[in-house]
Amino acid sequence: MTRRHVMEFERPLFALEDKLDELRRLDTAENPELTAEIEALALELVRLRAATYEHLDPWARVQIARHPDRPKTEHYVGALFDDVVEVHGDRTFGDDEAIFAGFGTLAGGRRVAVLGHRKGVDTKSNIRRNFGSPHPEGYRKAMRVMRLADKFGLPLVTFLDTAGAYPGIEAEERGQALAIAESLSLLSGLRVPVICVGIGEGGSGGALAIGFGDRLIMLENAYYSVISPEMCSNILYKDPAQASTAAACLKLTAGELVELGIADEVIPEPTGGAHRDSVPVITAVGVAVERALADLDGIAPEGLVQTRYERLRAIGEYDS
Amino acid sequence: MTRRHVMEFERPLFALEDKLDELRRLDTAENPELTAEIEALALELVRLRAATYEHLDPWARVQIARHPDRPKTEHYVGALFDDVVEVHGDRTFGDDEAIFAGFGTLAGGRRVAVLGHRKGVDTKSNIRRNFGSPHPEGYRKAMRVMRLADKFGLPLVTFLDTAGAYPGIEAEERGQALAIAESLSLLSGLRVPVICVGIGEGGSGGALAIGFGDRLIMLENAYYSVISPEMCSNILYKDPAQASTAAACLKLTAGELVELGIADEVIPEPTGGAHRDSVPVITAVGVAVERALADLDGIAPEGLVQTRYERLRAIGEYDS
Amino acid sequence: MSVTDWFSQRERRRYTRTGGGQGRPGPSEVADGIWVQCPGCKRALLERELAEKVRVCSGCGHHFAMTPTERIASLVDDGTFTEIDASLTPRDPLGFVAVKSYAESLSAAREKSGANEAVLTGRAAIAGAGVVLGVMDFRFIGASMGSVVGERVTRAFELATEERLPAVMVTASGGARMQEGMLSLMQMAKTSAAVRRHSDAGLPYLSILTNPTYGGVTASFAVLADVIFAEPGAMIGFAGPRLVEQTIRQKLPKGFQTSESMLKHGMIDRIVARTELRDTVALMLSYLTPRAGGGAGV
Amino acid sequence: MSVTDWFSQRERRRYTRTGGGQGRPGPSEVADGIWVQCPGCKRALLERELAEKVRVCSGCGHHFAMTPTERIASLVDDGTFTEIDASLTPRDPLGFVAVKSYAESLSAAREKSGANEAVLTGRAAIAGAGVVLGVMDFRFIGASMGSVVGERVTRAFELATEERLPAVMVTASGGARMQEGMLSLMQMAKTSAAVRRHSDAGLPYLSILTNPTYGGVTASFAVLADVIFAEPGAMIGFAGPRLVEQTIRQKLPKGFQTSESMLKHGMIDRIVARTELRDTVALMLSYLTPRAGGGAGV
Ligand SMILES: [Zn+2]
Ligand SMILES: [Zn+2]
């Protein structure tokens, strides 16, 4: 078995677990005093596990959101939709595999358009998908599907999981900023329900381009932030080591986003994160998406656009 | 003075002219018999000039349409419009200098959107403009201006002068076919008057992409063809030397296009072609464009689109 | 019948009947015993089996050309296709004469294809859902688009608009019908305008690009679809490869203008193997249903 | 007054008055005697002359940064600008504390700029035609977009939509206002939605990108204009050059993310020298007038 991916904040816990396993492999008959020590450690382990996972700080959640084994857009699309048809291409330059774009049918029978950042599930696919960081053609592909969703009255479901739009030379030269801006404009005008689900990383404009609508559902350990804690730490703290503090200051966790009036709902994850047991999480997402769509049933297209605008309109804090 | 560009069909005429000049430089006092010969040649020259230019065959007109000194889109835009503002870029990949795109004000005061194939007026600009053969981004830039024209109710005037869309690897890979098709679709739906002027070469789909509308005005020696005479000669005659025959078969001249119901009006050119005296030709184009726009005044936007569709609908000959 | 019911039904009789065979024009009935060599893997294939396998090589998956009749049999519900505008036939508006006169080319094409023009249009049902279908026939002067092809395609989209039906076009073409000069070029604009009206009415259009699709057909109605499929290994482009090679005076990159290259460059939505085509088209169309309101989109 | 009349009038008084000078905040009045070195050509320039020359170097044409007051004086008809929403001021919604607290950054910014936020919005006239204008102020926390910038820009577009006026935005920005977290990111969506409504009403929007325009501002309202101008040599992009360099681990191409590169890559319509800006904007807007019917386009 390959060594599991250990997150910084889990180190002490895993160290203790290893220690305990070691002792347990020894012969307690030969050293009876071990039994007591083992019991003590076992007790300590229970305490530590609780302490580690009960109150995860934002930085810990960011690490969980980035966990390589965390369920990806690929898993949600595969598990939540039947009759999936993926479509490709921006009709001008290329097909960006960092964005999934297609159509699927939810368990309840609703046919919907589906978009998502796609990180890949193994090294080979990670590379093909550019680790989920789209180029402009990815957003232009997404816009094609948005237009089809609008034309054919299909609700749009998006899965957010990107560290950000790719900051490369060609991405800039081919209009990363324009592609994102046009996507924001288009999303705001879609005459169909738009449900967004934050399943992992919500990296700034690269996430936002397919990341706002009529509902924002966040997984407990997913984050959504204007900037990565690391970059924020470099810029505002002049110190790369302050990522954890920055993560706390940025109010980027699911719970905080609900308090800020940006997210609508938080989907709990099993102790340690969705990667520990993904099935119930994915199932819960499906239920939440169908519930959100049901809430929006029967609202006229113009009503959806107007309500979405008012929703955006209400975001922002200032004195007047 | 640099040697003027000589077109194939003009060779005998120019040979005779040179001969005559030569004789005239001789001393007739020394050889009195020359006088008679000069008079004879002069008479012959008049006959030959008439014969050469009075009944130009289609292939001769194609050569005139391609004459390097023929007035270009640059000249028409410069002469016919005040307050010209050129705009650039397709907002996705690049700016194609083979297409002029912008806005201008006609002498009569009408503000219009302007598009045109741009070949360049000297070697340096020829190269920058790719000799007037657009890449997909050229058509995508044109589409941006079409949308602006539609949004702001500006009539669209287009100048056609291209050997064809550029048949290169990148042009194909970036969607030459899609760019042309989308341009055709967009043109057909514009809620403003569209006036097209064939000023030189009308090379197939690359011309058509900005080359149909509510009026098609053709210069006497401009051509508009489904394929170049040379390529047609290679394919259908299996013989590159048959370009002249092919040119005749293709019915690509201004006059023939009026007979076919595709062009509406022919603007006469001075003997030998527009390059001999461009001012009156350019002026006549301006007058024709303003007249055409005046004809379309007061037609409701939907009416324009419907009439344009019926115009297209009527093109084609078949038994039923 | 729901798409799903239909799928289960389809499983039973999937490409087992000799629909292909039935569809072939007279001569080949007797040719069922003959062998064909696959250009892909050089295997010798029995014509009859090839016909039963929607003309896909069992060895390497090479997709052989299909007649419109075979295409229709493999794509739509049995016996649902009814042709429209069959009476539209070509003229010789320019009196075009080259090595062969246009008149001669036309009769040769009729002889060779058994068809009277390069596209077949009509009503049909796919998975029980009504569509307007067009299928091009490369055997007829390289499925070049002249007045009749343009008119049939335009009328097909007008019918689909009128009856609020999806449009499905199976394309193949060498380009424009040179012998009709500018009349053929203008068909690009005419068909594109008809597609636009169909789309503005909120109706779905799916195109299927097959080998080869070039020139004026690619640069008009073929690529104006909501969703574009292509068959594997199909050559698709605007300018023909020879012209491109002559222009740039260098060798063309491997795979240039193949469906695979078109997919990579973002120009088409999917490459669909012919054996999956009917089901994928049915599934795709099940998502592209006109919305109540209809009308132009965002 | 017609645009043309206006042009002829303008010729007489073209950039000769000390509008720039007048515009400068108090302190610099006394600074009129001081010299500034041009980063372009290293020449020493007299501050007063620079102010009179719309802060463009007479030697090399380098465009110096402008205050919103100078920008307004150089761009709109004298005395026509009236600010709106000046009373909107920032809060500290996250109680953000880093090396400096957000509260400290804000007061420092107010001190440095004399402004109360990073964008100034209002009504104005250009060549006699009414517009809604927005001008960003890089001195205010790098003209980053927080709740107030987003709200002012949004209200500016709402006002323009209501009164059927053109919108003109002069942008400069380092990106989002990190200290407001997701509230600032969402301003990208909010402003983009407001621009869309303005555009859907058939109204014109012209943006002028100045040095530097980055991040969330570039990727939202700045590039959603009907026509996009940029000043010469302005740095424009989504990701900052340092981040790009770190990501790709190679040197950046010469001219990367300059207006000149943006023009070459088809992202902007024109590069307009500041000395020509007022006339070019007036001329451009004279073409972009709402049509009778109005409404969304093709
Ligand atoms: Zn084979
Ligand atoms: Zn200087």
Side-chain angles (χ1 to χ4, degrees), chain A residues 164-169 171-189 202 204-209 211-212 224-227 231-233 235-239 242 245-246 249-252 256-257 260-263 305 308-309 312-313 315-320, chain D residues 85 87-91 93-100 146-148 150-151 154 175-190 192-197 199-200 215-216 218-224 236-240 243-244 247-248 252-253 256-257 261 265-267:
Chain A
Y166 189 67
I169 291 176
E172 288 288 316
E173 290 180 341
R174 292 201 298 265
Q176 191 72 282
L178 281 84
I180 291 171
E182 286 160 7
S183 193
L184 296 175
S185 165
L186 185 52
L187 257 184
S188 75
S204 190
L208 186 66
F212 75 92
Y224 204 160
S225 181
V226 66
I227 186 170
M231 277 175 67
C232 181
S233 168
I235 299 168
L236 293 185
Y237 298 81
K238 326 274 183 229
D239 170 6
Q242 296 298 308
T245 319
C249 282
L250 284 166
K251 302 277 187 289
L252 46 65
E256 292 163 317
L257 292 175
L260 286 171
I262 290 169
V305 175
R308 194 177 307 136
Y309 185 70
L312 285 173
R313 225 32 217 87
I315 299 175
E317 289 199 21
Y318 48 83
D319 293 313
S320 53
Chain D
D85 302 315
S87 64
L88 302 186
T89 49
R91 278 188 199 158
L94 313 187
F96 199 98
V97 178
V99 169
K100 265 191 291 180
S147 297
V148 172
E151 185 66 20
T154 300
R177 183 80 49 93
M178 280 173 278
Q179 298 90 332
E180 293 187 25
M182 278 299 287
L183 294 175
S184 71
L185 187 74
M186 296 304 292
Q187 303 308 311
M188 291 171 65
K190 188 167 97 179
S192 298
V195 173
R196 186 186 187 85
R197 297 189 142 208
S199 181
D200 284 350
T218 316
S220 63
F221 68 90
V223 297
L224 291 173
I236 302 159
F238 178 57
L243 172 60
V244 175
T247 308
I248 60 164
L252 297 174
F256 180 64
Q257 292 186 328
S261 159
H265 288 101
M267 301 302 156

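Letters go in sequence order (proteins before strands), and every chain restarts at 1.
Put simply, of D:Leu88, D:Asp85, D:Ile236, D:Leu252, the one with the most heavy-atom pairs under 4.5 Å next to chain A is D:Leu88. Among the candidates D:Pro253, D:Gly240, D:Gly216, D:Ala176, the residue making the largest number of heavy-atom pairs closer than 4.5 Å to chain A is D:Pro253. Of all the listed residues (D:Ser220, D:Ala189, D:Gly237, D:Pro93), the one sharing the greatest number of non-hydrogen pairs under 4.5 Å with chain A is D:Ala189. Among A:Ser204, A:Gly175, A:Cys232, A:Ala165, the residue making the largest number of heavy-atom pairs under 4.5 Å with chain D is A:Ser204. The candidate with the highest count of non-hydrogen atom pairs below 4.5 Å against chain D, out of A:Val226, A:Leu312, A:Asp319, is A:Asp319. Chain A forms more heavy-atom pairs under 4.5 Å with one residue of D:Ala219, D:Ser147, D:Ala193 than with any other, namely D:Ala219.
In this structure, A:Leu260 and D:Leu94 have side chains that are in contact, with non-hydrogen atoms separated by less than 4.5 Å. Taking 4.5 Å as the limit, some side-chain heavy atom of D:Leu183 sits within range of a side-chain heavy atom of A:Glu317.
Of the inter-residue distances, the one linking A:Glu172 atom CD with D:Phe256 atom CZ reads 5.0 Å to the nearest 0.5 angstrom. To the nearest 0.5 Å, atoms SG (A:Cys249) and CD (D:Gln179) are separated by 10.0 Å. Put simply, CE on D:Met186 and CG on A:Leu184 are 9.0 Å apart, with the number rounded to the nearest 0.5 Å. Atom-to-atom distance recorded for D:Gln187:CD and A:Ile315:CD1 is 7.5 Å, nearest 0.5 angstrom. Within the model, atoms OG of D:Ser192 and CD1 of A:Ile180 stand 10.5 Å from one another, a figure rounded to the nearest 0.5 Å. Going from atom CG of A:Leu178 over to atom CG of D:Leu224 covers 8.0 Å, rounded to the nearest 0.5 Å.
Within the structure, salt bridge (charged side-chain N to carboxylate O under 4.0 Å, His left out) pairs that include any residue of residues 175-185 of chain D comprise D:Glu117-D:Arg177 (at least two apart or interchain).
Only the side chain of A:Tyr309 has a heavy atom closer than 4.5 Å to any heavy atom of chain D. Looking at D:Val244, both its backbone and its side chain come within 4.5 Å of chain A, counting heavy atoms on both sides. Using a 4.5 Å cut-off between heavy atoms, D:Ala194 contacts chain A through both its backbone and its side chain. Interface residue A:Leu186: backbone and side-chain heavy atoms are both found under 4.5 Å from chain D. Both the backbone and the side chain of A:Ile169 come within less than 4.5 Å of a heavy atom of chain D. Neither the backbone nor the side chain of A:Arg308 has a heavy atom closer than 4.5 Å to any heavy atom of chain D.
D:Arg196 contributes a side-chain N or O that, together with a main-chain N or O of A:Ser185, makes up a donor-acceptor pair within less than 3.5 Å.
Residues A:Glu173 and D:His265 approach most closely at O-CB, 3.4 Å, considering heavy atoms. Shown here for D:Thr218 and A:Ala177, the closest heavy-atom pair between the two residues is CG2-CB, 3.5 Å. For the pair D:Val97 and A:Tyr237, the tightest heavy-atom approach, listed with the atom from each and the gap, is O-OH, 3.0 Å.
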* **Intermediate values then yes/no, side chain to side chain contact (heavy atoms under 4.5 Å, CB included), D:Lys190 and A:Arg313** => CA-CA 6 Å; D:Lys190 188 167 97 179; A:Arg313 225 32 217 87; 4.0 Å; yes

* I would like to know whether D:Val99 and A:Lys238 meet side chain to side chain contact (heavy atoms under 4.5 Å, CB included); could you show each step before the answer? => CA-CA 8 Å; D:Val99 169; A:Lys238 326 274 183 229; 4.2 Å; yes

* For side chain to side chain contact (heavy atoms under 4.5 Å, CB included), just list the numbers for D:Leu185 and A:Ile227, CA-CA rounded to whole Å, side-chain angles, deciding distance to a tenth of an Å, and then say yes or no. => CA-CA 9 Å; D:Leu185 187 74; A:Ile227 186 170; over 6 Å; no

* Pair A:Tyr318-D:Arg91, side chain to side chain contact (heavy atoms under 4.5 Å, CB included): steps then yes or no -> CA-CA 5 Å; A:Tyr318 48 83; D:Arg91 278 188 199 158; 5.6 Å; no

